[in-house]
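Whatever order the structure lists them in is the order used to number ligands and atoms, beginning at 1. Computed from a prediction, not measured in an experiment: that's the story for all the values here. Note: hydrogens, waters and symmetry copies are ignored here, and every other heavy atom, side chains too, is used.
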Amino acid sequence: MQLALYNTLTRKLEPVSPLDQNTLRFYCCGPTVYGPAHIGNLRTFVLQDIFRRTVEFLGIETCHVRNITDVDDKTIRESQKVGMQLDEFTQKWRTKFEEDCSALNILPPAHTPSAVAHIEDQIALIQKLIEKEHAYTDGNGSVYYRIGSFADYGKLSRLNLSGVRQNASERLNDNDEYGKESWQDFVLWKAWKPEDGTNKWESPWGSGRPGWHIECSAMSMRYLGESFDLHSGGVDLIFPHHENEIAQSEAATGKPFARHWFHSAHLRVNGEKMSKSLGNLYVLDEVVERGFSPEALRYLLLSGHYRQALNFTWDSLAGAESSLKRILGFMEGIDTQVLENSDYASMETSFFTPVIEALCEDLNTPKALGALNGVLQRLKGLDHGDQKPIRRDLARVLHLLGLPLKLEKHSAETIIPPEVKTLAHRRQKARSARNWEEADLLREALREQGWEVRDKDGGFELKQAGVNA
Ligand code: AMP
Ligand code: ZN
């Protein structure tokens with residue numbers, strides 16, 4: 001079986017396979033860390049996780065990179081509002097994001113580079129663009145990309161720039177950008193302004209900070225090479241963010257950037273766009289506070305196809321929770337640890353083959369869940385002995401979908417205190433850096449606070465000592 005996925009660049013379904021025949025290298029635009037991710041953002045990250053799990057299930061190794069946007073107007077403005085240093089502020093929201101991902105069973109990427117930690121790479125890339133005359137300084141310490149210098153500009157979004165006019169409000173608001181040759185050119189390096197406070201970095205053009213688009217070009221090429229397999233994000237990123245990434249990267253290297261572009265549609269709430277002003281922007285904590293499990297949210301987020309907007313309602317979440325409970329009813333009384341460790345041999349002849357086939361057809365998660373429920377419905381009548389191998393395959397399928405083998409309780413008593421989570425994240429970081437000594441010390445520190453940590457799927461699980469959840 002092979003995964004066929006819609007490619008925004010070619011507007012066609014295309015097989016996904018690694019360019020180097022070995023490892024599928026892919027980049028996902030990560031969160032801007034100035035507050036908790038909303039469940040729409042989380043939809044995008046869950047879909048990227050399903051993509052990765054499907055590829056790995058098919059026996060292909062992956063190298064998954066997801067950045068952290070930790071410097072931009074919003075992070076600077078919000079950190080100043082609460083009187084925190086930018087790095088302290090973004091670290092807080094980065095940790096929260098990682099916790100949410102772990103609660104939703106999203107596999108941790110191989111690399112999670114942050115923009116601030118890669119300023120030098122971004123400066124080097126901008127310099128290259130200036131040398132090749134794809135970029136210019138405005139004489140006031142900012143650098144812009146010269147869109148007219150890149151003939152392929154618009155190939156991803158299929159935007160005809162000659163038909164696009166600058167609107168009046170943009171014209172009024174661009175006082176900062178009067179040094180641009182064309183209003184369509186975009187910023188690569190922003191000169192420091194007093195409202196940026198202490199948030200500035202030195203560059204050949206004076207102090208300032210990088211623009212948003214350049215960070216993803218620099219970090220993806222740093223970890224995945226100049227040409228790689230796939231790039232992903234929500235549909236709102238197609239233009240201008242991804243269009244600009246292609247322009248920057250391909251103009252600098254003269255090589256194709258990402259081969260495949262995977263974009264997911266938005267989550268809506270009660271039929272409307274999720275937005276702060278409408279007050280319908282939900283975060284994972286609220287889902288849990290209302291008594292739902294993060295896994296039920298994951299199930300719900302998988303119940304729509306990624307190329308269509310999905311409408312969130314609390315009723316649909318309740319429906320997802322009961323569907324998931326019904327499925328997990330089949331796993332009752334099973335030693336799940338034995339199943340988790342069993343090897344994932346070929347599933348081509350399993351009852352569950354249609355589930356995998358559905359995922360291979362453009363990641364059709366609703367069809368996959370429908371197939372899964374259909375199989376379980378038919379198997380209900382089988383006696384206990386016959387169900388054993390089926391349950392083993394079911395465990396594999398649940399793993400593929402990133403669903404749990406049983407539901408954890410998310411009652412008030414099992415809410416994990418933030419300081420305990422922070423210790424566990426520090427331990428995970430120490431383990432990734434192979435700093436075993438520190439990891440052991442942190443495990444002890446967790447024990448002293450009454451928590452046991454167990455490594456799971458490259459992440460971790462916390463249990464209160466003496467409690468069997
Ligand atoms: P941000 O933190 O705003 O940089 O966004 C992180 C990711 O969430 C990006 O891939 C966005 O395209 C995606 N995103 C933003 N809003 C939504 C939404 N309502 N539904 C699904 N994905 C979204
Ligand atoms: Zn990006």
Subject >> Nearest non-hydrogen protein atom, atom 9 (C) of ligand 1 >> reply: L237 CD1, 3.9 Å
Original post:
Should you measure from each heavy atom of L267, which atoms of ligand 1 turn up under 4.0 Å away?
Top reply: 18 (C), 19 (N), 20 (N), 21 (C)
Original post:
Less than 3.5 Å between some nitrogen or oxygen of G40 and one of ligand 1, yes or no?
Top reply: yes
Original post:
Using a heavy-atom cut-off of under 4.0 Å, does the side chain or the backbone of N41 touch ligand 1, or both, or neither?
Top reply: both
Subject >> Contact check: V235 vs ligand 1, nitrogen or oxygen atoms, below 3.5 angstrom >> reply: no
**OP:** Using only heavy-atom distances, determine whether the side chains of Y144 and H134 contain a donor-acceptor pair under 3.5 Å.
**Re:** no
**OP:** Verify the ring-centre separation between F262 and F51: is it less than 6.0 angstrom?
**Re:** yes
**OP:** Say whether E61 and N22, considering side chains only, have a donor N or O and an acceptor N or O under 3.5 Å apart.
**Re:** no
Subject >> ligand 1 atoms in contact with G233 (distance to a heavy atom under 4.0 Å) >> reply: 10 (O)
Subject >> ligand 1 versus D236: contacting region, heavy-atom distance under 4.0 Å >> reply: side chain
Original post:
Any side-chain heavy atom of E14 sitting closer than 4.5 Å to one from L5?
Top reply: no
Subject >> Whether F228 and Y27 hold their rings parallel, tilted or perpendicular, with breakpoints at 30° and 60° >> reply: tilted
**OP:** Looking only at distances, please establish whether an N/O atom of ligand 1 is found under 3.5 Å from an N/O atom of F45.
**Re:** no
**OP:** Just need the protein heavy atom nearest to atom 2 (O) of ligand 1, so name the residue and atom and give the distance.
**Re:** T32 N, 3.0 Å
**OP:** Tell me whether the centres of the aromatic rings in H213 and Y145 are closer together than 6.0 Å.
**Re:** no
**OP:** Could you list which atoms of ligand 1 come closer than 4.0 Å to a heavy atom of T44?
**Re:** 10 (O), 13 (C), 21 (C), 22 (N), 23 (C)
**OP:** Could you label the plane-to-plane angle of the H118 and Y223 rings as parallel, tilted or perpendicular, counting under 30° as parallel and over 60° as perpendicular?
**Re:** perpendicular
Original post:
Between S217 and Q248, what is the shortest heavy-atom contact and its length?
Top reply: OG-NE2, 2.8 Å
**OP:** Determine, for E295 against R298, whether the closest basic-nitrogen to carboxylate-oxygen distance falls under 4.0 angstrom.
**Re:** no
Original post:
With atoms numbered from 1 as shown, which atoms in ligand 1 lie under 4.0 angstrom from a non-hydrogen atom of P31?
Top reply: 2 (O)
**OP:** Would you kindly specify which portion of K273 sits under 4.0 Å from ligand 1, judged on non-hydrogen atoms: side chain, backbone, both or neither?
**Re:** neither
Original post:
ligand 1 versus H266, non-hydrogen atoms closer than 4.0 Å: side chain, backbone, both, neither?
Top reply: both
Original post:
What angle, in degrees and rounded to 10°, do you get at the Zn ion (ligand 2) when you join it to SG of C216 and to SG of C29?
Top reply: 130°
Original post:
Can you tell me if R268 has a non-hydrogen atom under 4.0 Å from ligand 1?
Top reply: no
**OP:** May I ask you to list the atoms of ligand 1 that are less than 4.0 angstrom from any heavy atom of M274?
**Re:** 19 (N)
**OP:** Consider ligand 1: state whether an atom of it lies below 4.0 angstrom from any non-hydrogen atom of G30.
**Re:** yes
**OP:** Measure centre to centre between the rings of W261 and Y6, then say whether the value is under 6.0 Å.
**Re:** no
Original post:
Does T69 have a non-hydrogen atom less than 4.0 Å from ligand 1?
Top reply: no
**OP:** Starting from atom 10 (O) of ligand 1, locate the nearest protein heavy atom and write down its residue, its atom name and how far away it is, to 0.1 Å.
**Re:** G234 N, 3.0 Å
Subject >> L129 and K132, any side-chain heavy atoms less than 4.5 Å apart >> reply: no
Original post:
Is the distance between the Zn ion (ligand 2) and the nearest N/O/S atom of H242 smaller than 2.8 Å?
Top reply: no
**OP:** Taking the six-membered ring for Trp and the full ring for Phe, Tyr or His, determine whether the centres of H231 and H260 are under 6.0 Å apart.
**Re:** no
